[in-house]
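Worksheet for the structure shown next.
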Amino acid sequence: QVQLVESGGGLVQAGGSLRLSCAASGRSFSYYAMGWFRQGPGKEREFVAAISRSGGSTYYADSVKGRFTISRDNAKNTVYLQMNSLKPEDTAVYYCAADATLSVGRTLREYDYWGQGTQVTVSS
């Protein structure tokens, strides 16, 4: 089992940047592929980005490709989401999640553990 705690959210103007962090504790962090999801106001939770156990493979939603970068530091048990060129439509609660399967999931049901979320608000 693993516990996940996100941080780094906040209020930023359009065009700005934020870096989210997700600290993991519990079972070996490198055992899990990691993902970021988000849920905007009145919307369903959606996939944002995912990274393999080693960090060698990354995947992105089309809406964030070229603007967001997912990375991980297995020595620090932390996964990051660098968000650049933020837009008002990026406003959401951002969640990190851990996937214990051998694949790198891109749907909610593939993830086993979730953090509590961190709010990102982008003003126009």
Side-chain angles (χ1 to χ4, degrees):
Q1 197 165 0
V2 65
Q3 293 78 44
L4 305 171
V5 178
E6 302 96 335
S7 62
L11 174 64
V12 63
Q13 289 188 332
S17 299
L18 281 175
R19 188 175 83 152
L20 305 183
S21 299
C22 174
S25 61
R27 191 173 180 181
S28 178
F29 178 68
S30 60
Y31 180 81
Y32 299 93
M34 298 296 296
W36 285 96
F37 291 77
R38 67 185 182 186
Q39 187 165 13
K43 298 181 180 179
E44 295 186 349
R45 195 171 299 189
E46 64 177 3
F47 170 75
V48 175
I51 189 167
S52 62
R53 297 177 180 189
S54 67
S57 298
T58 56
Y59 306 88
Y60 297 93
D62 288 343
S63 59
V64 307
K65 203 171 293 183
R67 300 188 298 123
F68 290 11
T69 302
I70 188 171
S71 61
R72 68 189 295 162
D73 186 337
N74 286 346
K76 294 183 178 180
N77 289 356
T78 303
V79 62
Y80 304 97
L81 185 68
Q82 177 66 44
M83 306 186 294
N84 298 329
S85 301
L86 282 161
K87 305 175 181 179
E89 51 263 44
D90 294 318
T91 294
V93 178
Y94 283 72
Y95 300 88
C96 73
D99 177 359
T101 68
L102 294 176
S103 62
V104 182
R106 273 155 278 186
T107 63
L108 276 72
R109 62 178 177 82
E110 295 177 87
Y111 284 80
D112 304 283
Y113 304 102
W114 293 82
Q116 82 290 347
T118 185
Q119 176 70 48
V120 171
T121 303
V122 184
S123 63
S124 58

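Residues take their numbers from the sequence shown, with the count starting at 1. Keep in mind the model is a prediction, meaning the values are calculated, not measured.
- Considering all non-hydrogen atoms of both residues, S124 and P88 come closest at CB-CG, 3.8 Å.
- Of all heavy-atom pairs between A49 and L81, the closest is CB-CD1, 4.2 Å.
- L11 and V120 fall into different hydrophobic clusters, where Ile, Leu, Val, Met, Phe, Trp and Tyr residues are linked whenever their side-chain heavy atoms come under 4.5 Å apart, directly or through other members.
- In this structure a side-chain-to-backbone donor-acceptor pair under 3.5 Å is missing from T121 to T91.
- The minimum heavy-atom distance linking Q39 with E44 is given by the pair CG-C, 4.0 Å.
- In terms of modelled atom types and a separation under 3.5 Å, the side chain of Y113 and the main chain of L4 share no donor-acceptor contact.
- If you chain together hydrophobic residues whose side chains sit under 4.5 Å apart, I51 and V104 never meet in one group.
- Contact check for S30 versus R53: no side-chain heavy atoms found under the 4.5 Å cut-off.
- Side-chain contact check for L86 versus F68: some heavy-atom pair is nearer than 4.5 Å.
- In the displayed structure, K43 atom NZ is contacted under 6.0 Å by at most 12 heavy atoms of other residues, nucleotides or ligands.
- No donor-acceptor pair under 3.5 Å is formed between the side chain of D99 and the backbone N or O of R106.
- A donor-acceptor pair under 3.5 Å is absent between the side-chain atoms of Q116 and the main chain of V5, judged by distance alone.
- With hydrogens and angles ignored, the 3.5 Å screen pairs no side-chain donor or acceptor of R19 with any backbone N or O of Q82.
- Residues V2 and A24 share a closest heavy-atom pair of CG2-CB, 3.8 Å.
- We find the SG-CD distance between C22 and E6 to be 5.0 Å, quoted to the nearest 0.5 Å.
- Here S85 contributes atom OG and R67 contributes atom CZ; the two are 7.0 Å apart, rounded to the nearest 0.5 Å.
- Counting heavy atoms from C-beta on, the side chains of W36 and V79 come closer than 4.5 Å.
- Between T101 and E110 the shortest side-chain heavy-atom distance does not fall below 4.5 Å.
- Taking the six-membered ring for Trp and the full ring otherwise, F47 and Y59 have centroids separated by 6.0 Å or more.
- When the side chains of ILVMFWY residues are joined at heavy-atom separations under 4.5 Å, either directly or via intervening members, F37 and M34 end up in two distinct hydrophobic clusters.
- Here D90 does not pair with K87 in a salt bridge; the nearest charged N to carboxylate O distance is not below 4.0 Å.
- For the pair R72 (side chain) and F29 (backbone), a donor-acceptor distance under 3.5 Å is present.
- Taking every heavy atom of both residues into account, Y94 and L20 meet most closely at CB-CD1, 3.5 Å.
- Across T118 and G9, no two heavy atoms sit closer than the pair OG1-N, 3.2 Å.
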Please step through side chain to side chain contact (heavy atoms under 4.5 Å, CB included) for the pair V64 and R38, ending with a clear verdict.
CA-CA 11 Å; V64 307; R38 67 185 182 186; 3.9 Å; yes
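- In this structure a side-chain-to-backbone donor-acceptor pair under 3.5 Å is present from Y60 to I70.
- Taken together through direct or relayed side-chain contacts under 4.5 Å among Ile, Leu, Val, Met, Phe, Trp and Tyr, Y80 and Y111 form parts of separate hydrophobic clusters.
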